[in-house]
Amino acid sequence: MNVLHIVGARPNFMKVAPVLNALKEYANVTQTLVHTGQHYDVNMSDVFFEQLGIPAPDVNLAVGSGTHARQTAEIMMRLEPVVLERQPDIVLVYGDVNSTVATALVCAKLGVQVGHVEAGLRSFDRTMPEEINRLVTDQLADLLFTPSEDGDENLRREGIPAEKIFRVGNVMIDSLVRLLPSAQKALTKTEVTTTATKPDGAPALYALVTLHRPANVDDSGTLKSILESLLEVNRDLAVVFPAHPRTRKRIADFKLDAGQLRVLDPLPYVDFLGLQSRATVVITDSGGIQEETTYLGVPCLTLRDNTERPITVSIGTNVLVGRDREKLRRELSRVLVGKAKKGTVPPLWDGHAGERLAGILVGRPSPVKLLI
Ligand code: UD1
């Protein structure tokens, strides 16, 4: 079986790693890794490959940045010949980024089977580019691997036949489980240099912040107000803020003041995981971090009005605070007095999702090639 994996952006490197590893166990599987180049900086891409032990991509499409239409179209144009040449039995796509939807479109039109890893998530907010990507990809995919029951329900409601849906659990948590011991080993260098330490050497309390959603960072008024809230948080709790390049650029373009916040470059996976596991609280608008904090039992305050990962709210540690400064203050006070929401880990978020997925893939009869 010839499997082609397509990744391109930071959150999906953590998702492909366990699937690559699990499929390696099958002698009859040949794997090809394509990087679209959607994320291209060393600290947004290369360092993740290194830490996660992902082999260098067989093909790099080097598309870089652009508007959504340009980036998506560029990926489609550069990917089509690769798919035609490699003739995969199935192409696996991950998450909800532009690389995911572009690949699904190319493969669906060539009649090549597509498997969507992390299918079925819905925020029900079509102003989010990722929601459009999720909806289209799931309609086009032949196999849909979901992380939780809500994913199955969403897909069924959208008319996807049950036999295409496989609940395998959360592949991103597989990477977390594998690398948490090294992340926790000692104080990471980052921690020592970014947070004050107590006399006994233990890290002081801190809030770990990430922010990159267009809805939060692309409007100067909104970003200004969020930074002001974070400066308020910083009075009670050191704010450590590894900033996405998009966010850093906007802060500079809008000439905003991040004041005393400890703004850092994006961090490598293991370093970020170490910081996350020890944080007093995480404040974020990321999707994956809502899941990781739920697994780690760390309180998470999400600067969004909705989430495509509702299980992190219903049984995890996540609280949606939107852009309501009062709610952020209130929830932060609860954390500081030890009354943060306690969560549990969702079923199948156990470090073995990649293995379940590989078993399903390999156990199926070989797909019939249609158009190529
Ligand atoms: C993308 C995903 C988002 C995911 C996020 C994680 C889409 C629609 N969005 O958003 O779902 O949560 O990645 O990071 O696919 N840039 C760099 N260096 C890089 C990559 C990006 O400087 O290595 C800058 C560029 O200025 C670019 C901007 O970041 O214009 C945005 O990058 P892009 O990939 O378009 O979207 P993200 O905001 O990263």
Side-chain angles (χ1 to χ4, degrees), residues 5-17 20 33-75 77-79 82 93-103 129-130 133 172 175-176 179 183 188-191 193-194 208-218 223 227 240-254 256 258 261-276 282 284-289 292:
H5 304 264
I6 314 284
V7 287
R10 185 171 61 174
N12 293 339
F13 307 139
M14 288 81 104
K15 296 169 197 166
V16 76
L20 278 165
L33 181 60
V34 177
H35 191 323
T36 64
Q38 178 175 347
H39 285 175
Y40 43 84
D41 285 347
V42 169
N43 57 11
M44 293 291 283
S45 177
D46 301 17
V47 72
F48 285 78
F49 275 67
E50 211 177 288
Q51 291 195 336
L52 290 157
I54 305 173
D58 300 287
V59 180
N60 194 324
L61 303 178
V63 297
S65 303
T67 64
H68 282 267
R70 257 181 202 287
Q71 192 176 52
T72 307
E74 203 60 61
I75 296 168
M77 288 191 294
R78 295 186 192 197
L79 180 64
V82 176
V93 296
Y94 297 81
D96 57 15
V97 301
N98 287 342
S99 302
T100 312
V101 71
T103 303
E130 293 83 359
N133 294 347
M172 191 171 208
S175 287
L176 187 157
L179 289 171
T188 62
K189 245 196 271 154
T190 321
E191 212 162 6
T193 52
T194 56
L208 179 64
V209 172
T210 80
L211 198 63
H212 76 277
R213 295 260 154 240
N216 280 336
V217 306
D218 284 0
L223 183 55
L227 289 177
V240 179
F241 183 9
H244 188 285
R246 169 195 283 273
T247 311
R248 253 210 143 120
K249 188 166 180 306
R250 296 290 186 262
I251 293 175
D253 289 351
F254 301 146
L256 297 176
L261 308 181
R262 292 156 174 80
V263 180
L264 315 174
D265 285 335
L267 290 173
Y269 179 67
V270 170
D271 306 57
F272 187 80
L273 188 54
L275 271 182
Q276 209 182 164
V282 173
T284 190
D285 61 4
S286 149
I289 292 170
E292 290 173 343

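Sequence positions, counted from 1, serve as the residue numbers for this chain. Side-chain atoms are counted along with the backbone in the values below, which use heavy atoms only and exclude waters and symmetry mates. Predicted model only: the values in this text are computed from it and were never measured.
Across L223 and R250, no two heavy atoms sit closer than the pair CD2-CB, 3.8 Å. When all heavy atoms of V270 and Q51 are compared, the pair lying nearest together is N-OE1, 2.6 Å.
Side-chain atoms of T100 come within 3.5 Å of backbone N or O of Y94 as a donor-acceptor pair. Between the side chain of E74 and the backbone N or O of V63 there is no donor-acceptor pair closer than 3.5 Å.
The only member of V282, L267, L275 that meets side-chain contact (heavy atoms from CB on, under 4.5 Å) when paired with V240 is L275.
Taking the salt bridge (charged side-chain N to carboxylate O under 4.0 Å, His left out) definition, one finds that R10 meets it with nothing, sequence neighbours left out. Remark: Y269 pairs with no residue by the ring-ring contact (aromatic ring centres under 6.0 Å, His included) rule, at least two apart or across chains. Not counting sequence neighbours, N43 has no partner by the side-chain hydrogen bond (donor to acceptor under 3.5 Å, both in side chains) test. Checked against side-chain hydrogen bond (donor to acceptor under 3.5 Å, both in side chains), N98 has the following partners two or more places apart in sequence or in another chain: H68, Q71, N133. Checked against side-chain hydrogen bond (donor to acceptor under 3.5 Å, both in side chains), T36 has the following partners two or more places apart in sequence or in another chain: S99. For T284, the side-chain hydrogen bond (donor to acceptor under 3.5 Å, both in side chains) partners are T210, not counting sequence neighbours.
Ring centroid separation for the pair F13 and H39 does not come in under the 6.0 Å cut-off.
Interatomic distance, CG of L33 versus CZ of F49, reported as 5.5 Å (0.5 Å rounding). To the nearest 0.5 angstrom, L208 atom CG is 7.0 Å from I289 atom CD1. Atom CZ in R246 sits 11.0 Å away from atom CG in N216 (nearest 0.5 Å). The line from CG of L211 to CG of D285 is 4.5 Å long, rounded to the nearest 0.5 Å. Taking CG from L52 and NZ from K15, the interatomic distance works out to 12.5 Å, rounded to the nearest 0.5 Å.
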